[in-house]
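What you see below is based on every heavy atom in this structure, not just the backbone, and it leaves out hydrogens, waters and symmetry mates. Whatever order the structure lists ligands and atoms in, that order sets their numbers, starting from 1. Computed from a predicted model, the values in this text were never measured in an experiment.
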Amino acid sequence: MSSTESLIDHAFPCQWTAASQRSGKYQARAQKGLFSLLKHKFKFLGRWYPSVIENDNLLKGYIMRKLLIILTLMAIGLAAGNVDAKNIDVQMLNKGDKGRMVFQPDLVIAAPGDTVTFLPTTKGHNVESIKSMLPDGVDKFKGKFNKEFVLTVTEKGMYGVKCLPHYTMGMVALIVVGNPENEDAVKAAKNPEKAQERFTDIFAEYDAMK
Ligand SMILES: [Cu+2]
């Protein structure tokens, strides 16, 4: 190895070079093939940087840096994609898995920014907030009968909801967003007997998930 080459290796520590030194014949050949392909793709560089295109080590360093930038941007893009809000559907039913007059599911775990869509699968229902079962700073809300209602949950906490005509029959649901600071207040809220029974079951289900 000439002194110029080792100087370049120090100046541009290139994983590629290190890898091909370590790897066996087959791998080295595969990398050589890939490199000549890339070399062809980067031919345009010769116009501005003749020394780069003529020197394999300089070119490898250049390509590696470009690949790193692309990979970093892709990783950032993926991370940004993951924070996208999701939607959870809740059906309003005369008869569901847990009995008559139910929200299904009746326990929704969401993240801030998510939406919960209440679907009028069977007629005669609506969804509205229960007083004293909302996080601080969240206004009460009320959906129309037989209409889809989309609730965007921006604040962390527990949201208790009911169907107005079937509240006393126990048609209630709980939405938990992030770490609920109002958990104690919501668990202490008073509801009609059947609604309270359903909430007790829902709280137990939520506690079991913790
Ligand atoms: Cu109802």
Carboxylate-amine/guanidinium proximity below 4.0 Å for Arg198 and Asp106: no
Donor-acceptor pair, side chain of Asn126 and main chain of Leu164, under 3.5 angstrom: yes
Sphere of radius 2.8 Å around the Cu ion (ligand 1) - protein N, O or S atoms inside: His125 ND1, Cys163 SG, His166 ND1, Met171 SD
Minimum side-chain heavy-atom gap Gln91-Thr122 below 4.5 Å: no
Leu174 and Phe203, any side-chain heavy atoms less than 4.5 Å apart: yes
Residue pair Thr154 / Pro112: nearest heavy atoms and the distance that separates them: O-CB, 3.6 Å
NE2 on His125 to CG on Leu93, rounded to 0.5 Å: 7.0 Å
